[in-house]
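In what follows, chains are A, B, ... by sequence order, proteins preceding strands, each numbered from 1.
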Amino acid sequence: MNREITPYILKRTPEEAAPRKLSIDYAAALNPQQLAAVTAGDGPSLVIAGAGSGKTRTLVYRVAYLIDSGVDPSNILLLTFTRKSAQEMLQRAGELIGVRSERVCGGTFHSVANMLLRRYGRAVGLEPGFTILDRGDAEDLIALVRSQLGLNEKDKRFPRKGTIAEIFSKSENTLRSLDDIVVEEFGHFADHLDALAQLQKGYHAAKRQRQLVDYDDLLVLLRQLLTQDQQARQAISRLYRYILVDEYQDTNRLQADVIRNLAAAHQNVMVVGDDSQSIYAFRGATFRNIMEFPALFPGTTIYKLEENYRSTQPILNLANCIIEEAAEKYAKHLFTRKLDGPLPTLAEATGENAQSRFIAQKILELREEGVPLSEVAVLFRSSFHSFDLEIELSRRELPFVKRGGVKFIETAHVKDLLAHLRVVANPLDAVSWHRVLMLVEGVGPKKAQDLLGALVKSASPYQVLREVSGRSGQGLKNLANTLESLSGSGELGTADQVNHIYEYYLPILKEQYDDYPKRIRDLDHLHTIAEGYPEVDGFLSDLALEPPDGSAIDVEAPDRDDERMVLSTIHSAKGLEWQCVFVIWVVDGKFPSIYSFVTDEDMEEERRLFYVAVTRAKRHLYLTYPINVFDKSSGMLLSKPTRFLDHVSPSMFEQLALIEEGSHADWRGYRDDAY
DNA sequence: CGAATGTGGCTTTTT
DNA sequence: GCCACATTCG
């Protein structure tokens with residue numbers, strides 16, 4: 001049915017033709033570069049937004065502007081890196097334009113894909129009640145399939161489950177073949193190519209059979225939906241007529257392709273990002289996306305935001321020096337009007353603890369000077385880099401929140417409890433069944449595996465459990481009773497269900513962990529979160545898509561938020577800013593990490609990561625590096641500041657050497673020795 | 001045989 | 001502190 005379609009123009013009435021009266025004075029609120037981006041016309045646009053250049057402000061005003069000029073808010077799609085940042089932006093837009101902004105669809109790629117697949121997923125084989133696997137679940141399922149296929153040959157060195165998941169994920173996200181990834185990035189496993197391919201097939205089949213979807217599937221299946229199902233494709237592109245993408249430098253090929261498909265009907269796509277801040281290559285992102293956007297979307301208008309509103313000139317000077325050496329980037333010249341400020345400090349510490357104590361002491365000094373704790377952050381390359389500091393801060397009763405690192409949702413006890421909830425919600429969920437069964441006394445891998453087969457086939461799984469005799473008989477009966485009480489007629493709310501499982505699980509928890517009181521607090525936290533969800537499904541998918549990042553400490557004093565400093569990985573600090581920023585472990589071998597010494601691309605990414613860290617600071621910036629640190633994994637003695645400072649003139653810093661009070665080398669002694 | 005318990009190796013960054 | 005593998009226990 002390829003009928004010619006003749007366009008018929010609906011003419012504007014004189015009233016409609018007159019320029020709409022806008023309710024906000026955009027020109028007064030924005031600088032000329034921002035204004036140009038905010039008021040851009042239809043068609044593709046690329047906004048290159050330097051660090052601290054008001055990128056979020058620009059997006060917020062863009063949303064407001066679109067609504068202001070007559071676009072229906074529900075036709076706007078705002079894709080961000082975390083759901084929290086989407087919410088914040090829409091709230092700010094709401095302050096400008098009113099409650100209409102609430103109807104804008106905002107979230108991460110994954111959360112939007114989740115929503116669309118629950119609605120239209122049947123076309124690609126998904127029932128609306130599918131279960132989302134987080135990374136750990138995906139790994140467990142891979143391990144399960146591996147043992148079913150008998151692939152754990154003991155003679156050869158087979159990659160562990162985490163590595164396998166990484167390989168599969170990278171292949172999906174970069175749109176490259178499995179062979180390619182293995183040969184080029186995991187060469188030492190090239191022997192196992194066939195086995196890996198077989199495993200990938202099995203993993204895929206297991207997911208589809210059981211209505212399980214991992215993070216990558218959310219994107220893969222959305223793309224499939226858009227390319228294969230005309231109806232869904234039309235419905236979706238009619239819905240989202242204006243697409244805004246934040247942090248575009250951290251999207252991967254798969255996401256770029258999803259955007260291309262979403263925008264195919266209208267090309268109204270504005271992406272915002274900074275190629276110099278691309279730091280997620282390890283999960284398949286490529287800054288090529290932002291470099292090649294104009295080629296992918298012909299007719300792209302490029303806007304650049306170059307005025308920095310965040311940092312003082314001395315900090316910006318350092319940042320510019322660091323990024324100047326980058327191999328490839330969009331040319332931009334960041335400038336600021338905040339000319340005055342202290343020089344960044346580079347401090348050498350005699351060991352890790354000296355570094356921690358320096359920070360604690362300096363924070364107290366800064367507090368005297370009027371910098372509140374909430375305006376202080378300590379940033380680091382890897383989550384464990386802050387362990388010593390955490391102890392030191394606790395000792396001095398300096399309150400902090402830690403971001404990044406192990407999520408509370410990923411801890412074994414929380415996953416255990418949730419697994420029970422999940423088997424009730426999706427009785428096909430093999431991963432959760434396995435987990436639940438293994439917790440029962442007398443059940444090991446073999447029995448769990450056997451039961452799994454029977455459970456999935458049976459119409460009444462709880463009966464199957466009750467019929468088991470032997471060592472595990474009683475335990476399985478208890479399990480059956482607990483699960484049945486959840487799914488039964490009671491119509492329990494999510495929080496009540498969590499409570500029921502908790503009662504069943506508590507003895508197991510106490511048996512398994514000596515530190516169970518701490519873990520009980522996590523479960524209480526989970527219960528609190530559950531209270532906000534009438535539906536179990538929503539609770540489970542929200543937890544998988546946006547895990548709450550704090551541990552139990554977070555919930556205990558939520559109202560004192562403003563009095564705590566932040567400890568964060570640099571990755572988790574993306575987009576944030578503080579008056580005072582400490583970057584610790586700025587020692588070559590930790591930062592850049594020795595893992596990145598292999599390829600130039602990895603090294604370039606470390607440089608950008610360092611750039612991101614430095615540009616978080618508004619006024620005070622401290623870089624610290626311990627010396628004489630023995631690195632076990634490499635066998636190297638680390639003592640030199642990061643190589644990214646090699647070409648930076650010493651005049652751009654104030655340099656400190658930390659000396660213990662009362663030691664042989666107090667200040668004067670040190671000088672005498674040194675000169 | 002299969003479950004429970006013990007031991008050695010290594011640990012980046014995350015939707 | 002967590003995972004894979006080794007050994008002991010029922």
Please state how far atom [atom1] in [X] lies from atom [atom2] in [N], giving the value in whole angstrom units.
X	N	atom1	atom2	value
A/Ile142	C/dA4	CD1	P	11 Å
A/Lys161	C/dA4	NZ	C1'	10 Å
A/Asp216	B/dT14	CG	P	16 Å
A/Glu166	B/dT11	CD	P	12 Å
A/Glu390	C/dG1	CD	P	13 Å
A/Arg607	B/dT13	CZ	P	22 Å
A/Ile584	B/dT13	CD1	P	13 Å
A/Asp250	B/dT14	CG	P	12 Å

Options [options], nucleotide nearest the side-chain atoms of [X]:
X	options	answer
A/Ser382	C/dC3, B/dT15, B/dT12	B/dT12
A/His110	B/dT12, B/dA3, B/dT15	B/dT15
A/Lys446	B/dT14, C/dC3, B/dG2	B/dG2
A/Thr108	B/dA3, B/dT15, B/dT13	B/dT15
A/Tyr595	B/dG2, B/dT15, B/dT11	B/dT11
A/Tyr280	B/dT14, B/dT13, B/dT15	B/dT14

| query | With A/Phe287, which of A/Asp250, A/Asp275, A/Asp274 fulfils side chain to side chain contact (heavy atoms under 4.5 Å, CB included)? | reply |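 The side chain to side chain contact (heavy atoms under 4.5 Å, CB included) with A/Phe287 is passed solely by A/Asp275 among A/Asp250, A/Asp275, A/Asp274.
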
Contact class for [X] vs. all strands (heavy atom < 4.0 Å): base, sugar-phosphate, or nothing?
X	answer
A/Gly162	nothing
A/Ser596	nothing
A/Ser383	sugar-phosphate
A/Glu441	sugar-phosphate
A/Thr569	sugar-phosphate
A/Arg283	base

| Judged by atom type as modelled, is there a donor-acceptor pair below 3.5 Å linking the side chain of A/Thr108 to the main-chain atoms of A/Ser111? |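 Looks like yes, one N/O pair under 3.5 Å.
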
| request: Could you tell me whether the side chain of A/Trp578 and the main chain of A/Ala617 form a donor-acceptor pair under 3.5 Å? | output: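 Not a single qualifying donor-acceptor pair exists.
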
| message | Taking the six-membered ring for Trp, are A/Phe158 and A/Phe189 closer than 6.0 Å centroid to centroid? | response |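 They do not qualify: ring centres at least 6.0 Å apart.
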
| task | Examine B/dC1: is either OP1 or OP2 under 4.0 Å from a nitrogen or oxygen in the side chain of A/Lys447? Give yes or no. | result |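 No, no such contact exists.
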
| message | Less than 4.0 angstrom between a side-chain N/O of A/Ser572 and OP1 or OP2 of B/dT14, yes or no? | response |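 Checking B/dT14 against A/Ser572, a side-chain N or O does come within under 4.0 Å of OP1 or OP2.
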
| When you match A/Val443 and A/Asp602 each to their closest nucleotide on DNA chain B, which lands nearer the 5' end? |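 Nearest nucleotide further toward 5': that of A/Val443.
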
| query | Under the side-chain hydrogen bond (donor to acceptor under 3.5 Å, both in side chains) criterion, do A/Asn289 and A/Tyr248 qualify, and how do the steps go? | reply | CA-CA 8 Å; A/Asn289 270 356; A/Tyr248 193 71; 4.6 Å; no

| said: Regarding A/Glu166 and A/Arg283, does a basic nitrogen lie under 4.0 Å from an acidic carboxylate oxygen? | reply: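 Salt bridge between A/Glu166 and A/Arg283, a charged N being under 4.0 Å from a carboxylate O: no.
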
| query | Within the stacking criterion (centroid distance below 5.5 Å, interplanar angle below 30°), does A/Phe282 stack on B/dT14? | reply |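 By the stated criterion, A/Phe282 and B/dT14 do not stack.
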
| query | Is there ring stacking between A/Phe109 and B/dT15, where the centres must be under 5.5 angstrom apart and the planes under 30 degrees? | reply |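 No, A/Phe109 does not stack on the base of B/dT15, since the centre distance and plane angle fail the 5.5 Å and 30° test.
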
